[in-house]
Amino acid sequence: MNIILLGPPGAGKGTQAARLVAGRGLVQLSTGDMLRAAVAAGSEVGRKAKTVMEAGQLVSDEIVTGVVSERLDQPDVRKGVIFDGFPRTLAQAEALDRLLAEKGMRLDAVVEMRVDDSLLLGRIETRAAETGGTRADDNAETLKNRLGVYHEQTAPLIAYYGGTGTLRTVDGSASIEEVSARIAEVLDAL
Ligand code: ADP
């Protein structure tokens, strides 16, 4: 199965994706991880993405879609993909529809992890303190920007996927175990 984990920064998408990789043998496709790897490698994509990412803004749809398209050509994606951090704009969602059609893949579900901003701001501050600069974009100020970007550019995807009938919403404010259990219920019911 191929699914999207949708939710604001700090919602726990990466944590739940890792559990789905371990539990269901799916492949995690995190555009954040892929872009950080490009920055570390100093590739052309990395050079273009670096400053944008540090400011908490979005890398261009064209660059991100190109990176995802290449990744989808690797054979391991046949095990099933968890899209984590992609799509993040309506243009990316439309591009993903085209890519999946081209590659003969289908989207089984979009799992929205819903968490209130007030809770996220607390989590964000804890994470910024804990990681202490291991990620250039992990400071409270940038993370607040990213939350604003989420509401403006990514939250419209909730209506988009609501319209296609693929959207499933879980309460992301519960414990990691509880959220995993809710996601498992959703996926088992597909
Ligand atoms: P999170 O901490 O929420 O998991 P990510 O690691 O997914 O964040 O993303 C980190 C940064 O990488 C974003 O703030 C953005 O600059 C860039 N990025 C990741 N995915 C995308 C995308 N799909 N479109 C545009 N920019 C992206």
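Quick caveat: nothing in here was measured; it's all calculated off a predicted structure. Only heavy atoms go into these numbers, but all of them, side chains included; no hydrogens, no water, no symmetry mates.
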Original post:
Can you find a side-chain donor-acceptor pair between D171 and S173 that sits under 3.5 Å?
Top reply: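 D171 vs S173: donor-acceptor pair found between side chains.
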
Original post:
For Q92 and T65, does a side-chain donor sit closer than 3.5 Å to a side-chain acceptor?
Top reply: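 Note: Q92 and T65 side chains miss the donor-acceptor criterion.
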
Could you tell me whether [X] and [Y] make a salt bridge, using a distance below 4.0 angstrom between a side-chain N and a carboxylate O?
X    : Y    : answer
R88  : D61  : no
E94  : R98  : no
R36  : D33  : yes
R47  : E44  : no
E62  : K48  : no
R106 : D108 : yes
D188 : R24  : yes
R182 : E178 : no

Should [X] and [Y] be regarded as members of a common hydrophobic cluster, given that ILVMFWY residues are connected when their side-chain heavy atoms come within less than 4.5 Å of each other, either directly or indirectly?
X    : Y    : result
V149 : L147 : no
V59  : L90  : yes
V64  : F83  : yes
V170 : Y150 : no

**OP:** Could you tell me whether a side-chain N or O of S43 sits under 3.5 Å from a main-chain N or O of V39, the two making a donor and an acceptor?
**Re:**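 Pair absent, no side-chain N/O of S43 close to backbone of V39.
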
Subject >> Whether R123 side chain and G10 backbone form a donor-acceptor pair below 3.5 Å >> reply: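 Answer holds: yes.
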
Taking every non-hydrogen atom, the tightest pair across [X] and [Y]:
X    : Y    : answer
D84  : A17  : OD2-CB, 4.3 Å
P87  : T154 : O-CG2, 4.3 Å
T166 : L107 : CG2-O, 4.0 Å

**OP:** For salt bridge (Lys or Arg N to Asp or Glu O under 4.0 Å), just list the numbers for R19 and E177, CA-CA rounded to whole Å, side-chain angles, deciding distance to a tenth of an Å, and then say yes or no.
**Re:** CA-CA 10 Å; R19 290 178 154 231; E177 290 302 333; 3.0 Å; yes

